[in-house]
Amino acid sequence: MLNYLRAELYKLFRRKYFWGLTAIVLALEGLLVAAYLFINAHGGHAYFNDSVNDVILRMLGVGGVCAVLTGDVVFAAQYRNATLKNEVSFGLPRWRIYLGKLAAQLIASVLLCLVAVGGYVAACRLLLPVWPEGGDLAEVWRMLGRGLLAALPLWVGVQGMVCACFFLIRGEGVALFTALCLFWALPGIMQFVGGLFSGYPMGDLLLKVLPWTPSAMLDATRLHLKAGFYPWLTRTCLVGGVWLAVSTALGLWRFRRKEIH
Amino acid sequence: MDDIVLSTHGLTRRYGGQKALDQVSLTVRRGEIYGLVGRNGAGKTTLMRLITGQSVPTEGRVELFGATGRDLRRARARMGAMVEVPAFSPFLGARENLEYYRLQRGIPGRETVEEALELVGLADAGAKKFKTFSLGMKQRLGLALALMNRPDLLVLDEPVNGLDPEGVVEFRRLLGRLHRERQTTVLISSHILAELANVATCYGFLERGRLLEEITAQTLEERCRVCLRLQVDDAAKASVIFHIKLGTDAFKVLPDNTLELYDHLDCPQAVSQALAEEGVFLQSMERRGSDLEGYFLDLIGGGRDA
């Protein structure tokens with residue numbers, strides 16, 4: 001497995017797509033920080049505390065989208081390029097291929113997350129003032145840490161689903177679209193259909209399940225960072241774990257006998 | 001038994017209701033270059049895909065180096081394969097692609113990559129991106145990957161596709177070298193039967209998913225040898241005439257008063273005259289002889305492309 005991971009990371013770091021994605025994320029963050037500086041230069045007040053707590057914690061859902069993109073970067077269109085046959089014909093077990101790519105996707109996501117969050121927080125800390133009354137910096141770090149900690153299991157769950165999509169769907173465009181839909185569009189659809197059939201068992205069930213979807217939970221995480229954080233963390237671990245376990249089990253089971261071209 | 005590198009037992013692969021491969025049982029022995037002959041859609045690639053684990057058989061089993069079932073996967077590490085078109089990451093260079101697979105397979109020593117590139121004549125193109133490669137270069141890189149783990153068995157599907165004439169000659173030499181120096185066993189399919197005839201030491205003929213026949217190159221040569229085939233009323237007397245009057249022993253007596261004469265091929269009149277002079281009645285005489293292509297076409301009973 002270690003050899004497999006080494007090889008995947010070797011390929012990952014040689015992909016322009018990965019560096020391009022990182023550069024785009026950093027550039028967008030740079031624009032945001034530049035906007036704060038512009039506001040401050042024109043009499044406005046953009047503080048470090050708000051830029052971290054409000055912006056990052058409101059954008060935890062973006063991490064799910066990044067998981068979809070890192071999935072695409074690591075999987076590297078293996079069906080289109082027909083490269084999986086090189087792995088299978090050497091006798092590498094299919095579970096190792098599957099889990100190896102999932103692990104590489106998780107590593108890529110964690111790296112991207114570290115660079116994105118680290119870069120943004122560092123830039124804000126260096127360039128923006130803290131609240132005039134001093135503010136409690138320790139509280140900022142605590143909230144940030146809690147937000148990321150609670151989001152991590154959900155991101156991992158989403159990554160499992162993304163990996164299954166790429167392994168089970170041959171066209172990487174369709175796989176990407178499906179993964180994005182399952183992560184982002186599904187809660188909206190559930191809400192719409194649930195609302196439409198509210199009062200019926202099906203509609204009520206959808207509305208009950210909706211708060212348990214990763215996307216909805218990532219959006220709601222910032223509301224649970226003070227009171228009730230630990231039950232929320234347990235819930236995110238549970239939901240993330242279930243998404244990871246179910247999607248990986250399904251992916252492994254289907255990939256086990258999949259025809260490789 | 002140790003001599004058998006690869007065998008399939010009743011291997012069948014169905015796609016929907018269609019049998020792509022039907023009860024194929026073949027045997028490849030150590031040191032053989034086994035040529036798989038068949039038309040488009042005969043099942044050559046399906047067979048190779050089953051052997052390499054890219055596809056799962058509907059029925060039957062593959063035995064590789066004596067391993068089958070769960071152990072089969074591990075035995076595949078002793079095999080190098082190039083099935084269908086060579087496939088690599090387009091955004092990586094040739095060297096990077098091989099290095100990726102070297103790391104993945106846990107093959108020790110970075111020099112392995114250079115050796116493989118050297119072996120297939122791509123040492124100077126190592127930095128070039130795979131997406132810029134010509135078909136011939138892709139074939140060579142595919143071969144380099146197949147050879148990188150110094151396999152005991154090479155499975156090659158149409159390996160000379162896209163190679164220029166010089167590349168075909170080089171490939172033939174390389175295969176000969178591997179066979180001689182490393183005793184590598186090879187299972188190879190090719191559309192170019194003349195090319196296959198240059199390298200193979202035995203053949204398997206596939207038609208509509210079924211294995212029609214397995215023969216050695218020696219048997220094929222015997223069966224394809226050019227001769228005059230004669231049917232006479234007295235084969236014993238005719239053989240004496242061949243010996244005494246025509247001064248040759250290069251003939252074979254077959255059942256039904258039939259003889260095959262491998263001499264005097266350019267002067268059948270002299271043969272018929274000698275027989276007539278001695279009172280042997282010649283019922284028929286035809287020039288026979290074939291090559292791999294002819295033999296295969298005879299076997300499948302048609303003249304379509306192989």
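Letters A, B, ... mirror the listed sequences (proteins, then strands); counts begin at 1. Just the heavy atoms: all of them, side chains too, but no hydrogens, waters or symmetry mates, feed the values below.
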Show me the donor-acceptor pairs under 3.5 Å between chain B and chain A.
unit_1 : atom_1 : unit_2 : atom_2 : d
B/R13  : NH2    : A/E259 : OE1    : 2.8
B/Y15  : OH     : A/E259 : OE2    : 2.6
B/R49  : NH1    : A/I260 : O      : 2.6
B/R49  : NH2    : A/E259 : OE2    : 2.5
B/R49  : NH2    : A/I260 : O      : 3.4
B/G53  : O      : A/R94  : NH2    : 3.0
B/Q54  : O      : A/I260 : N      : 2.9
B/S55  : OG     : A/E259 : OE1    : 3.0
B/S55  : OG     : A/E259 : OE2    : 2.9
B/R73  : NH1    : A/G91  : O      : 3.0
B/A77  : N      : A/F90  : O      : 3.4
B/V83  : O      : A/K85  : NZ     : 2.8
B/V85  : O      : A/K85  : NZ     : 2.6
B/A87  : O      : A/N86  : ND2    : 2.6
B/Y100 : OH     : A/E8   : OE2    : 2.5
B/Y100 : OH     : A/K11  : NZ     : 3.4
B/Y100 : OH     : A/E87  : OE2    : 3.4
B/Y101 : OH     : A/N86  : ND2    : 3.1
B/Q104 : NE2    : A/E87  : OE2    : 3.3
B/R105 : NH2    : A/N86  : O      : 2.8

For chain A, which of B/G142, B/P90, B/A81, B/A146 has the most heavy-atom pairs under 4.5 Å? B/P90
Show the nearest heavy-atom pair for residues A/V74 and A/A108, with the distance to one decimal. CG2-CB, 4.0 Å
Closest contact, heavy atoms only, A/C165 versus A/A175: O-CB, 3.6 Å
Whatever's closer than 4.5 Å to a heavy atom in chain A on B/V83 counts as backbone
Chi angles and distances behind the side-chain contact (heavy atoms from CB on, under 4.5 Å) call for A/L186, A/C181: CA-CA 6 Å; A/L186 189 67; A/C181 281; over 6 Å; no
Check side chain to side chain donor-acceptor pair (under 3.5 Å) between B/R210 and all other residues, then give those that pass, not counting sequence neighbours. B/D22
Taking side-chain contact (heavy atoms from CB on, under 4.5 Å) as the definition, give me every residue that meets it alongside A/V110, ordered by chain and number, with sequence neighbours left out. A/L114
With sequence neighbours excluded, what pairs up with B/Y203 under the side chain to side chain donor-acceptor pair (under 3.5 Å) test? none
Looking only at non-hydrogen atoms, find the nearest pair between B/I33 and B/I188 and report the distance. CG2-CG2, 4.0 Å
